*Asks:* 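Structure below; questions to follow.
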Amino acid sequence: MALTGVLLLELGLYASCFVCGIVTAASVTIVQGNYGGLCMLYGAVSYNATGSAIGVQLSSSSSLCYFVSAVSVMVAVVCFSLSLYWVYTFCIEGDIRRERMWMNLIMAVCGVFLFFLLITGCMLKIGRDTLCNSVLHNVPNITRCEEAQTRKWVSPLKGERFYNSLRKAEVAVWVNFFFWLIIGALVIVQRRQSLGLKVIGGGVGGPAGGLFGDPGVTAAETEPFFNRPGRPQ
């Protein structure tokens with residue numbers, strides 16, 4: 001079909017969104033595991049001058065990190081399912097036909113995901129900045145947040161890659177958000193093109209000699225019931 005190139009691009013975007021969702025969920029989960037299950041978004045640290053070690057002064061509710069991971073996993077699962085469905089349809093039927101109902105559904109899903117990805121991206125950005133401000137304020141001899149990764153942390157905390165992991169999660173969310181914007185634009189283009197084809201193919205003088213695009217309607221059926229002109233004798 002004429003939209004094969006657009007559909008292939010859309011499938012590639014679904015695969016990329018799947019990878020981004022997995023990266024975000026894995027990065028947040030790893031950081032949470034390294035801190036003993038504590039969610040360090042919007043957290044604060046303390047510094048033990050005696051042992052020259054960094055500790056956790058304040059942490060957020062674990063549900064906050066669970067929410068970020070859940071949104072990312074949900075996006076990844078939906079993207080994987082859509083990719084698998086379209087590949088299966090193409091392999092079995094040899095063609096992909098986009099019905100208007102499916103396009104409307106994808107647009108609705110796109111809107112929901114954009115909303116949650118926007119919230120998730122803001123949470124990761126503000127939460128990481130809050131944690132870094134605490135690190136810069138409480139830990140001496142540090143000018144950048146990532147320098148705390150090389151410092152000693154109170155056992156059993158492992159802060160070797162907390163900044164890199166949280167930053168990776170944030171970047172993956174915003175990339176995912178951008179890809180879903182493109183998916184939404186592609187679906188809108190396909191929807192308009194499909195409507196344009198229907199208008200061209202279903203206008204006056206359309207298929208089967210129909211009237212107003214309906215092949216089952218003839219000119220005789222559209223004659224007025226009353227005040228019909230007299231037929232010649």
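In this text, all values refer to a predicted model and were calculated from it rather than measured experimentally.
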*Asks:* How about Ser61 and Tyr66: do any of their side-chain heavy atoms sit closer than 4.5 Å?
*Replies:*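 Not touching, per the 4.5 Å side-chain cut-off.
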
*Asks:* Answer yes or no: is there a donor N or O on one side and an acceptor on the other, between the side chain of Ser59 and the main chain of Met40, under 3.5 Å?
*Replies:* no

*Asks:* Using the side chain to side chain contact (heavy atoms under 4.5 Å, CB included) rule, pick out the option among Leu124, Leu118, Ile119, Thr120 that qualifies with Cys122.
*Replies:* Leu118

*Asks:* Take atom CZ in Phe178; do more than 12 heavy atoms of anything else shown fall under 6.0 Å from it?
*Replies:*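 Atom CZ in Phe178 is not packed in, count stays at 12 or less.
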
*Asks:* Return yes if some donor-acceptor pair links the side-chain N/O of Asn133 with the main-chain N/O of Asp129 below 3.5 Å, else return no.
*Replies:* yes

*Asks:* Is there a donor-acceptor pair closer than 3.5 Å between any side-chain N or O of Thr150 and the backbone N or O of Glu147?
*Replies:*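 Looks like yes, one N/O pair under 3.5 Å.
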
*Asks:* Are the side chains of Lys152 and Ile54 in touch, meaning some heavy atoms are under 4.5 Å apart?
*Replies:*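 No, side chains not in contact.
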
*Asks:* Please answer whether the main-chain N or O of Ile183 pairs with a side-chain N or O of Glu10 as donor and acceptor at a distance below 3.5 Å.
*Replies:*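 No: the side chain of Glu10 does not pair with the backbone of Ile183.
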
*Asks:* Any salt bridge between Lys158 and Glu160, counting N to O under 4.0 Å?
*Replies:* no

*Asks:* Let's go through Arg191 and Asn104 carefully: what are the C-alpha distance in whole Å and the side-chain angles of both, what is the deciding distance for side-chain hydrogen bond (donor to acceptor under 3.5 Å, both in side chains) to 0.1 Å, and is it a yes or a no?
*Replies:* CA-CA 8 Å; Arg191 188 170 180 270; Asn104 292 337; 2.9 Å; yes

*Asks:* Taking the six-membered ring for Trp, are Tyr14 and Trp180 parallel (under 30°), tilted (30 to 60°) or perpendicular (over 60°)?
*Replies:*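 It falls in the tilted class, 30° to 60°.
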
*Asks:* So do the side chains of Ile126 and Tyr42 get within less than 4.5 Å of each other, counting heavy atoms only?
*Replies:*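 Ile126 vs Tyr42: side chains touch.
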
*Asks:* If the test is side chain to side chain contact (heavy atoms under 4.5 Å, CB included), which one of Val71, Val173, Val68 qualifies with Met123?
*Replies:* Val68

*Asks:* Compare all side-chain heavy atoms of Leu157 with those of Asn34 and state whether any distance is below 4.5 angstrom.
*Replies:*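 Leu157 vs Asn34: side chains apart.
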
*Asks:* Should Trp174 and Leu117 count as side-chain neighbours, where that means a heavy-atom distance under 4.5 Å?
*Replies:* no

*Asks:* Under a 4.5 Å cut-off applied to non-hydrogen side-chain atoms, are Arg144 and Tyr163 in contact?
*Replies:*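 A side-chain contact is absent here, since even the closest heavy-atom pair is not under 4.5 Å.
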
*Asks:* Answer yes or no: is there a side-chain heavy-atom contact under 4.5 Å between Val75 and Asn176?
*Replies:* yes

*Asks:* With under 30° as parallel and over 60° as perpendicular, where do the rings of Tyr35 and Trp153 fit, or are they tilted in between?
*Replies:* perpendicular

*Asks:* Hey, could you give me the CD1/CE distance between Ile106 and Met101, rounded to the nearest 0.5 Å?
*Replies:* 10.5 Å

*Asks:* Hey, is Cys132 close enough to Cys145 that the SGs sit under 2.5 Å?
*Replies:* yes

*Asks:* Is there side-chain contact between Val56 and Val154, with at least one heavy-atom pair below 4.5 Å?
*Replies:*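 No - every pair of side-chain heavy atoms lies 4.5 Å or more apart.
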
